[in-house]
Amino acid sequence: MERIPILRMGEFLLVTIQVDMHDRLATVLSDDLATRIFATRARGVLIDISALDMVDSFIARMLGSIAQMARVMDAETALVGMQPSVAMTLVEMGVELKGVRTALNVEKGMALLRARMDQVRADDDAPSQ
């Protein structure tokens, strides 16, 4: 069965989708990510969709579900590389990707996740009142 590779980069997981997503592959990715977040205790997930020309409503919902699942497991999600046509389609469909931070590219997405982790650490270190 076809799988999307999930790479570990320090405290983050990197997912680069280089194939057309179909419903079964999105479901397998969601399951694989949950397993990897748990196994690695990842604090962030970066999903690069720059190779996707099209995202249907099911795939959009799965991306949102992946972000919610990651958040429940104490990991932030950043979605990067969204092509303008994909963004317009999501807006036209009224899809809201709640809990999903977005960035233009992988470099900016990693910076976004690092900044979020710095904020979380600062909040953890702040004296409680």
Side-chain angles (χ1 to χ4, degrees):
M1 174 174 26
E2 186 177 28
R3 286 187 131 70
I4 295 175
I6 302 170
L7 306 174
R8 184 173 183 186
M9 296 183 65
E11 61 185 339
F12 304 132
L13 298 176
L14 173 63
V15 178
T16 302
I17 300 171
Q18 297 292 319
V19 296
D20 287 332
M21 287 287 284
H22 51 80
D23 296 359
R24 177 73 182 131
L25 186 57
T27 303
V28 169
L29 174 60
S30 179
D31 293 344
D32 289 350
L33 259 175
T35 301
R36 288 294 302 274
I37 291 169
F38 179 77
T40 64
R41 302 201 190 310
R43 298 300 313 273
V45 177
L46 189 138
I47 303 172
D48 178 11
I49 63 167
S50 58
L52 293 183
D53 295 328
M54 177 182 92
V55 173
D56 64 20
S57 60
F58 180 79
I59 301 302
R61 280 195 315 275
M62 283 303 296
L63 291 170
S65 294
I66 287 170
Q68 289 176 328
M69 174 268 307
R71 187 71 200 119
V72 167
M73 297 179 77
D74 199 26
E76 298 290 330
T77 302
L79 187 65
V80 304
M82 188 179 303
Q83 294 189 29
S85 60
V86 171
M88 289 186 292
T89 299
L90 293 176
V91 169
E92 288 172 1
M93 288 190 305
V95 174
E96 291 184 42
L97 296 174
K98 294 181 180 180
V100 180
R101 299 177 192 292
T102 59
L104 199 56
N105 56 40
V106 171
E107 184 179 348
K108 291 181 184 223
M110 280 293 183
L112 186 139
L113 288 174
R114 282 189 195 101
R116 180 66 184 132
M117 291 304 99
D118 290 345
Q119 164 113 36
V120 167
R121 286 184 190 104
D123 290 348
D124 289 347
D125 291 342
S128 58
Q129 296 183 24

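FYI, side chains are in, hydrogens and waters are out, and symmetry mates aren't considered; it's all heavy atoms of this structure.
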More than 12 foreign heavy atoms under 6.0 Å from CG of Asp20: is that the case here?
no

Could you report the tightest heavy-atom contact between Arg36 and Ile6, atom names first, then the distance?
NH1-O, 2.8 Å

Answer yes or no: does atom CE of Met93 have more than 12 heavy-atom neighbours from other residues, nucleotides or ligands under 6.0 Å?
yes

Taking the side chain as every heavy atom from C-beta outward, state whether Ile37 and Met69 have any atom pair closer than 4.5 Å.
yes

With no hydrogens and no angle check, is any side-chain donor or acceptor of Gln83 less than 3.5 Å from a backbone partner on Ser50?
yes

Side chains of Met88 and Val91 in contact at under 4.5 Å (non-hydrogen atoms)
no

With a 4.5 Å cut-off on side-chain heavy-atom distances among I, L, V, M, F, W and Y, is there a chain of contacts connecting Ile17 to Val100?
yes

Phe12/Glu76 under side-chain contact (heavy atoms from CB on, under 4.5 Å): CA gap, chis, key distance, verdict:
CA-CA 9 Å; Phe12 304 132; Glu76 298 290 330; over 6 Å; no

Nearest non-hydrogen partners of Gly109 and Ala78, listed with the distance:
O-CB, 4.3 Å

Tell me whether Ile66 is reachable from Phe58 by hopping between hydrophobic residues (I, L, V, M, F, W, Y) whose side-chain heavy atoms are closer than 4.5 Å.
yes

Drop me the distance from Arg8's CZ to Arg41's CZ, to the nearest 0.5 angstrom.
10.0 Å

To the nearest 0.5 Å, how far apart are OG1 in Thr77 and CG in Leu13?
9.5 Å

What distance do Leu52 atom CG and Thr89 atom OG1 have between them, rounded to the nearest 0.5 Å?
11.5 Å

Any chance you could measure Ser30, atom OG, to Ile4, atom CD1, to the nearest 0.5 Å?
11.0 Å

Are Leu7 and Ile47 joined in one hydrophobic group, where the rule is that I, L, V, M, F, W and Y side chains link up if heavy atoms are under 4.5 Å apart?
no

When hydrophobic residues are tied together by side-chain contacts of less than 4.5 Å, even through go-betweens, does Ile49 share a cluster with Leu25?
yes

Euclidean distance, Leu29 CG relative to Met62 CE, rounded to 0.5 Å
7.5 Å

Phe38 CZ: over 12 foreign heavy atoms closer than 6.0 Å:
no

Tell me the closest heavy-atom pair linking Leu97 and Ala60, and the distance in Å.
CD2-O, 3.4 Å

Shortest non-hydrogen pair, Ala75 vs Gly44, comes out as CB-N, 4.0 Å

Would you please test Leu46 and Met9 for side-chain contact (heavy atoms from CB on, under 4.5 Å) and show each step?
CA-CA 10 Å; Leu46 189 138; Met9 296 183 65; over 6 Å; no

Transitive ILVMFWY side-chain link Val106 to Met117, under 4.5 Å
yes

Are the side chains of Val80 and Asp48 in contact, using a 4.5 Å heavy-atom criterion?
yes

Pair Glu2-His22, side-chain contact (heavy atoms from CB on, under 4.5 Å): steps then yes or no
CA-CA 11 Å; Glu2 186 177 28; His22 51 80; 3.7 Å; yes

I need the minimum non-hydrogen distance between Thr16 and Gln18, along with the two atoms involved.
CG2-NE2, 2.6 Å

Taking atom CG of Leu112 and atom CE of Met110, what is their separation to the nearest 0.5 Å?
11.0 Å

Ile59 and Asp23: side-chain contact (heavy atoms from CB on, under 4.5 Å), yes or no, with the steps?
CA-CA 7 Å; Ile59 301 302; Asp23 296 359; 4.2 Å; yes

